[in-house]
2 protein chains.
Amino acid sequence: MKFEAVTIKDIAKALGLSTSTVSRALRDSYEISPETKKVVLEYAKEINYRPNPIALSLKEKRSRSIGIVVSEIANSFFSQAINGIESVAHSKGYNVIITQTHESYEKEISSLQFLSSRSVDGCLLSVSTETQDFTHITDLHNRGMHIVCFDRLVGEMETHKVSVDNFKGAYDATTHLIKNGYKRIGHLSNSQYLSITKEREAGYRKALEDNQIEYDENLVKECFHGGMLYEEVEDAMNKLMKMKQKPDAIFASADKLTTNCMRYCKTKKITIPDDIAVVGFSNLDLTELLSPSLSVVRQPAFEMGTIAAELLIKMIEAKRATTDFENIVLPAEVFERESSVRRKKK
Amino acid sequence: MKFEAVTIKDIAKALGLSTSTVSRALRDSYEISPETKKVVLEYAKEINYRPNPIALSLKEKRSRSIGIVVSEIANSFFSQAINGIESVAHSKGYNVIITQTHESYEKEISSLQFLSSRSVDGCLLSVSTETQDFTHITDLHNRGMHIVCFDRLVGEMETHKVSVDNFKGAYDATTHLIKNGYKRIGHLSNSQYLSITKEREAGYRKALEDNQIEYDENLVKECFHGGMLYEEVEDAMNKLMKMKQKPDAIFASADKLTTNCMRYCKTKKITIPDDIAVVGFSNLDLTELLSPSLSVVRQPAFEMGTIAAELLIKMIEAKRATTDFENIVLPAEVFERESSVRRKKK
DNA sequence: TTTTTTTACGCAATCGTTTCCGAGAACGAT
DNA sequence: ATCGTTCTCGGAAACGATTGCGTAAAAAAA
């Protein structure tokens with residue numbers, strides 16, 4: 001507020017009262033006479049007085065605002081989750097500060113630093129692909145900051161966690177490919193630092209195993225930036241397509257991996273699903289409009305956001321420190337479309 | 001910051017100094033002896049002292065943070081613009097607070113209220129479709145808040161503005177359709193309250209006029225929420241497709257209008273571009289992957305963000321009040337793909 | 001009428017930081 | 001030896017709000 005704002009002092013001066021009286025009148029304290037209250041309230045409304053939240057934050061050490069740290073708001077999953085978070089936060093009178101890390105460890109540190117120093121009452125966090133060392137998070141947590149993790153979890157932290165059943169999502173997607181006759185299934189995986197990466201990989205492996213398909217580690221390509229860079233996907237796909245035994249299907253572990261895989265195929269004139277099938281995690285809302293329409297594992301992003309926000313606010317408003325932490329796991333659903341189903345006639 | 005933080009007082013107490021000395025030492029004031037400075041700085045580093053920005057904001061009435069108000073972060077145009085904004089803001093030492101209105105006038109008011117009360121040094125604003133009355137913005141502006149408008153402008157406000165040449169973008173897109181043999185061009189337009197809507201409509205009309213095609217107001221359908229609701233697009237399209245003389249092409253004025261128009265055609269088994277051609281404003285980064293690939297008018301969103309942020313920060317850091325306001329207009333480019341080009345053989 | 005209680009309000013501290021002002025000490029100049 | 005500077009530093013006010021405590025006046029009880 002660079003500009004002049006109305007303060008409690010202005011009211012006090014104008015009305016010939018003390019600031020304490022004005023403050024109490026505004027807060028409807030019992031020790032202020034009805035008449036004084038009326039005068040103060042009316043005048044406050046007249047000049048459009050708004051308490052200065054900065055001053056309040058300084059005094060009360062809380063701000064009725066919560067912070068969000070995600071990697072990329074352009075990612076549909078995160079923008080949907082954010083909408084979920086906002087819907088409950090606003091309904092409970094909290095403001096929301098959104099920050100993004102662009103998958104950078106440094107930016108994650110500075111985002112958290114910013115949020116904590118701006119006195120947010122708590123944070124919703126989904127770590128970046130680069131983040132291997134979690135001490136910047138656990139330190140903050142140990143110093144009393146309320147943090148709820150969602151999607152990409154921090155294993156060693158004792159707090160509420162909200163995620164999807166990545167294992168089952170990956171298992172189902174892989175099984176779906178197998179059921180459709182695909183046998184040599186490549187896997188574009190995300191940064192190994194992420195909890196979700198390992199879970200999805202495990203689901204993929206278990207599905208192979210349950211269908212007596214041998215696991216081939218050469219079919220699994222890690223894309224450290226989760227597909228943010230087209231080049232890493234291109235590189236991974238090039239390697240897969242140069243194999244003696246090329247994969248006949250791809251299971252991609254993240255949104256950008258999935259779409260960039262499609263982009264790769266389109267560029268290289270590789271026909272989906274005839275030359276290769278594709279299924280991947282994605283929350284895009286126009287997968288039906290793609291060519292071919294894209295089979296996806298979809299996460300209940302909005303719902304995750306609402307649950308995470310509710311848990312956070314519950315924790316913030318709890319009288320005593322929370323000791324009983326929830327680990328919510330929501331289902332991820334496979335949507336079968338054209339990209340992973342063999343066509344009758346070629 | 002619910003949790004205990006190190007303050008300047010702690011340092012003063014520990015070192016047997018006064019807070020003023022510590023403060024000055026930390027700010028490298030000339031009136032503090034080198035030895036004292038050294039001791040203070042070392043101790044500050046040791047206990048990881050960070051100045052409390054809340055207290056600073058209260059004192060200095062500035063926060064080195066800027067606010068963003070957009071309708072929807074899930075919209076590619078906005079998320080790209082935000083990335084542009086963040087890139088320059090961070091490089092100049094500013095933090096960014098992102099808020100979204102979901103095209104709601106009420107939310108726009110509360111967003112601005114939140115940002116101003118949180119003492120942001122300035123705002124980047126793109127108004128919501130619902131916003132007809134701009135007094136909440138101009139009031140804030142008159143009270144000294146630095147505001148830069150981008151994309152959707154507030155005509156009556158004297159400030160920097162950054163937008164694209166919507167007239168020419170629309171003109172080019174419509175001309176492109178005409179050149180490809182389409183004559184009866186429907187137009188899905190956005191809320192009439194928005195500056196961009198009128199400009200784009202004007203470009204559309206001028207293109208028709210320059211090509212001796214009569215303007216038919218029945219071919220123009222306003223979608224008040226800019227396509228956010230599928231139903232409004234469905235409704236508009238239904239009306240268009242029920243006309244005696246159906247349109248053979250659609251020019252859509254916004255991202256969601258474009259994609260929801262495609263969704264409509266897919267649902268109704270209307271083949272693009274054979275039954276109807278489609279071109280629209282969009283910043284989607286996977287239009288090539290759509291079926292058919294989508295012709296779009298694309299805006300330099302990232303660049304708009306950087307320019308807007310630079311102007312804002314320049315204004316914030318200016319010694320004297322800015323009186324000379326810039327009105328930057330960037331080009332919008334038409335990308336011709338399959339959705340708007342007649343195929344040789346049906 | 002005197003004492004006690006209640007009512008209604010003001011003073012001042014507090015949150016963390018900056019900064020104006022003042023002041024003691026050291027030092028050079030006279 | 002005395003005076004004026006310069007160098008360092010501390011005290012206290014200020015930013016806007018809340019709140020514990022004190023207190024004068026009014027009301028109630030004695």
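In the text below, chain A, chain B and the rest are named by the order of the sequence lines, each starting its count at 1.
- Between the CD atom of B:Glu60 and the P atom of C:dT17 there is a distance of 12 Å, given to the nearest Å.
- Among the atoms of the strands shown, only primed sugar atoms or phosphate atoms (P, OP1, OP2) are found under 4.0 Å from some heavy atom of B:Thr7.
- Taking atom CG of B:Leu26 as the reference point, atom P of C:dT19 lies 13 Å away to the nearest angstrom.
- No side-chain N or O of A:Glu130 forms a donor-acceptor pair with one of A:Ser104 less than 3.5 Å apart.
- Distance from the side chain of B:Ser20 is smallest to D:dG10 among D:dG10, D:dT8, C:dT17.
- Residues B:Lys161 and B:Glu326 are not paired through a salt bridge, judged by the lack of any N-O separation under 4.0 Å between the basic side chain and the carboxylate.
- The base of D:dC15 lies outside donor-acceptor range of the side chain of B:Ser57, with no N or O pair under 3.5 Å.
- Note: CG (A:Leu58) to P (D:dC15) measures 14 Å, nearest angstrom.
- Across all strands, A:Arg24 comes closer than 4.0 Å to base atoms (heavy-atom distances).
- A side-chain donor-acceptor contact under 3.5 Å links A:His102 and B:Glu86.
- Counting non-hydrogen atoms under 4.0 angstrom, A:Tyr30 reaches nothing in the nucleic acid.
- Each of A:Lys37 and B:Tyr49 was matched to the nucleotide of DNA chain C holding its nearest heavy atom; the match closer to the 5' end belongs to A:Lys37.
- For B:Thr19 and C:dT17, the shortest distance from a side-chain N or O to OP1 or OP2 is not below 4.0 Å.
- Put simply, CG on A:Leu56 is 15 Å from C1' on C:dG16, counting in whole angstrom units.
- If you take CG of A:Asp10 and C1' of D:dC15, they are 13 Å apart, rounded to a whole angstrom.
- Atom CG in A:Asp28 sits roughly 14 Å away from atom P in D:dT19 (whole-Å rounding).
- Here B:Ser33 reaches the OP1 or OP2 of D:dC9: one of its side-chain N or O atoms lies under 4.0 Å away.
- Between B:His136 and B:Tyr105, the distance separating the two ring centers is shorter than 6.0 angstrom.
- Put simply, CD1 on A:Ile54 is 13 Å from C1' on C:dT17, counting in whole angstrom units.
- Atom CG of B:Asn52 is separated from atom C1' of D:dG16 by 14 Å (rounded to the nearest Å).
- Listed candidates were C:dA12, C:dT18, D:dG16. Nearest to the side chain of B:Arg27 is C:dT18.
- The shortest distance between the side-chain N/O atoms of B:Lys9 and the OP1/OP2 oxygens of C:dC15 is below 4.0 Å.
- A salt bridge does not link A:Arg64 to A:Asp121: none of the charged side-chain nitrogens sits closer than 4.0 Å to a carboxylate oxygen.
- Closest approach to the A:Lys59 side chain among D:dG11, D:dT19, C:dT14 is made by C:dT14 (side chain taken as heavy atoms from C-beta onward).
- Taking the C1' atoms of five terminal pairs at each end of the helix from C:dT1-D:dA30 to C:dT30-D:dA1, the two resulting helix axes are inclined by 70°, rounded to 10°.
- Looking only at atom types and distance, the side chain of B:Asn48 has a donor-acceptor partner in the side chain of B:Arg50 under 3.5 Å away.
- Between A:Lys61 and C:dG16, a side-chain N or O to OP1/OP2 separation shorter than 4.0 Å is present.
- Between B:Gly16 and A:Thr21, the residue whose closest nucleotide on DNA chain D is further toward the 5' end is B:Gly16.
- Between the side chains of B:Ser128 and B:Thr131, at least one donor-acceptor pair of N or O atoms lies under 3.5 Å.
- For A:Gln113, the side-chain hydrogen bond (donor to acceptor under 3.5 Å, both in side chains) test picks out no residue, with sequence neighbours left out.
- Note on B:Thr36: a side-chain N or O is less than 4.0 Å away from OP1 or OP2 of D:dC9.
- Between A:Ser18 and C:dC9 there is no side-chain polar atom (N or O) within less than 4.0 angstrom of OP1 or OP2.
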Which pairs, protein N/O on one side and nucleotides 22-27 of chain D N/O on the other, fall under 3.5 Å?
none

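- Judged by distance alone, with hydrogens and angles left aside, the side-chain atoms of B:Gln100 form a donor-acceptor pair with the main-chain N or O of B:Ile73 at under 3.5 Å.
- Distances were taken from every side-chain heavy atom of B:Ile8 (C-beta onward) to each of D:dC9, C:dC9, C:dT18; the shortest belongs to C:dT18.
- The CG atom of A:Asn95 sits 9.5 Å away from the CD1 atom of A:Ile66 when rounded to the nearest 0.5 Å.
- A side-chain donor from one of A:Thr21 and A:Ser18 sits under 3.5 Å from a side-chain acceptor of the other.
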